[in-house]
Amino acid sequence: MVDPDAPRHTEGESYLHWLHSGLQGSDLVNGVITTGYTLMDYAPPTPPAGTGVHRYLFYLYQDTVEKDTELQAITKRGKFKLYEYTKQNALCGPVAQTMFSTHY
């Protein structure tokens, strides 16, 4: 889950709200998102006052690496480059996406 409208972010950068990996397709079909592992804990939407509407985007990618291999660790939320991260970790997709928007 990323916010591409976060202040002080340039094109291609977002604020990272949540990153989870290792979900199985059968779990997603059944609405189960507790399997796998979290790379960045969930941070709820908190658009700062006066920054307008923020889009919150959820992307689903398919892992292309061995199941025993974990994705690259994330050390900060700000200025997250989703495109670069997906390329570095050989992720396929996005295979699905959704979004919502909100403001202060």
Side-chain angles (χ1 to χ4, degrees):
M1 176 181 164
V2 296
D3 173 5
D5 303 314
R8 295 178 299 283
H9 287 77
T10 60
E11 184 71 28
E13 297 178 339
S14 298
Y15 185 85
L16 179 62
H17 281 270
W18 185 42
L19 185 59
H20 193 84
S21 183
L23 295 171
Q24 299 299 310
S26 58
D27 291 334
L28 290 174
V29 167
N30 294 315
V32 176
I33 59 169
T34 55
T35 58
Y37 54 94
T38 299
L39 292 160
M40 181 61 75
D41 288 331
Y42 177 75
T46 53
T51 59
V53 174
H54 286 245
R55 295 166 293 153
Y56 294 89
L57 311 173
F58 293 84
Y59 292 101
L60 180 65
Y61 288 85
Q62 181 177 353
D63 288 339
T64 58
V65 295
E66 296 296 322
K67 292 183 180 190
D68 293 338
T69 305
E70 289 194 8
L71 298 178
Q72 191 176 40
I74 305 295
T75 57
K76 65 178 186 168
R77 292 182 186 274
K79 301 192 181 291
F80 179 69
K81 296 179 180 178
L82 179 62
Y83 180 78
E84 287 182 16
Y85 186 81
T86 60
K87 295 303 176 200
Q88 291 169 351
N89 288 281
L91 299 177
C92 180
V95 296
Q97 63 187 32
T98 192
M99 61 91 60
F100 68 91
S101 61
T102 190
H103 59 86
Y104 180 79

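In this structure Tyr42 satisfies the side-chain contact (heavy atoms from CB on, under 4.5 Å) test together with Met1, Trp18, Pro44, Pro45, sequence neighbours excluded. Judged as a side-chain contact (heavy atoms from CB on, under 4.5 Å), and not counting sequence neighbours, the contacts of Asn30 are Val32. Residues satisfying the side-chain hydrogen bond (donor to acceptor under 3.5 Å, both in side chains) criterion with Thr86, sequence neighbours excluded, are absent altogether.
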Tell me which donor-acceptor pairs under 3.5 Å the side chains of residues 50-59 have, and how far apart each pair is, sequence neighbours excluded?
residue	atom	partner	partner atom	Å
Thr51	OG1	Pro48	O	2.6
Thr51	OG1	His54	NE2	2.7
His54	ND1	Asp3	OD1	3.3
His54	ND1	Asp3	OD2	2.7
Arg55	NE	Asp5	OD1	3.4
Arg55	NE	Asp5	OD2	2.9
Arg55	NH2	Asp5	OD1	2.8

Please list every donor-acceptor pair under 3.5 Å in which a side-chain atom of residues 7-16 meets a protein atom from a residue at least two apart or in another chain.
residue	atom	partner	partner atom	Å
His9	ND1	Ala6	O	3.3
His9	ND1	Pro7	O	2.8
His9	NE2	Lys79	N	2.8
Thr10	OG1	Glu13	OE1	3.1
Glu13	OE1	Thr10	N	3.0

Just distance, no hydrogens or angles: give the donor-acceptor pairs under 3.5 Å from side chains in residues 95-104, sequence neighbours left out.
none

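Considering only heavy atoms from C-beta on, Tyr85 stays 4.5 Å or farther from Lys81 through its side chain.
Judged by distance alone, with hydrogens and angles left aside, the side-chain atoms of His20 form a donor-acceptor pair with the main-chain N or O of Thr35 at under 3.5 Å.
A pairwise comparison of heavy atoms in Ile74 and Leu39 identifies CB-O, 4.3 Å as the closest pair. For Val2 against Phe80, the heavy-atom pair with the smallest separation is CG1-CD2, 4.1 Å.
Here Ile33 contributes atom CD1 and Leu28 contributes atom CG; the two are 8.5 Å apart, rounded to the nearest 0.5 Å. With values rounded to the nearest 0.5 angstrom, Leu19 atom CG is found 10.0 Å from Arg77 atom CZ. Leu91 CG to Asp63 CG: the interatomic distance, rounded to the nearest 0.5 Å, is 6.0 Å.
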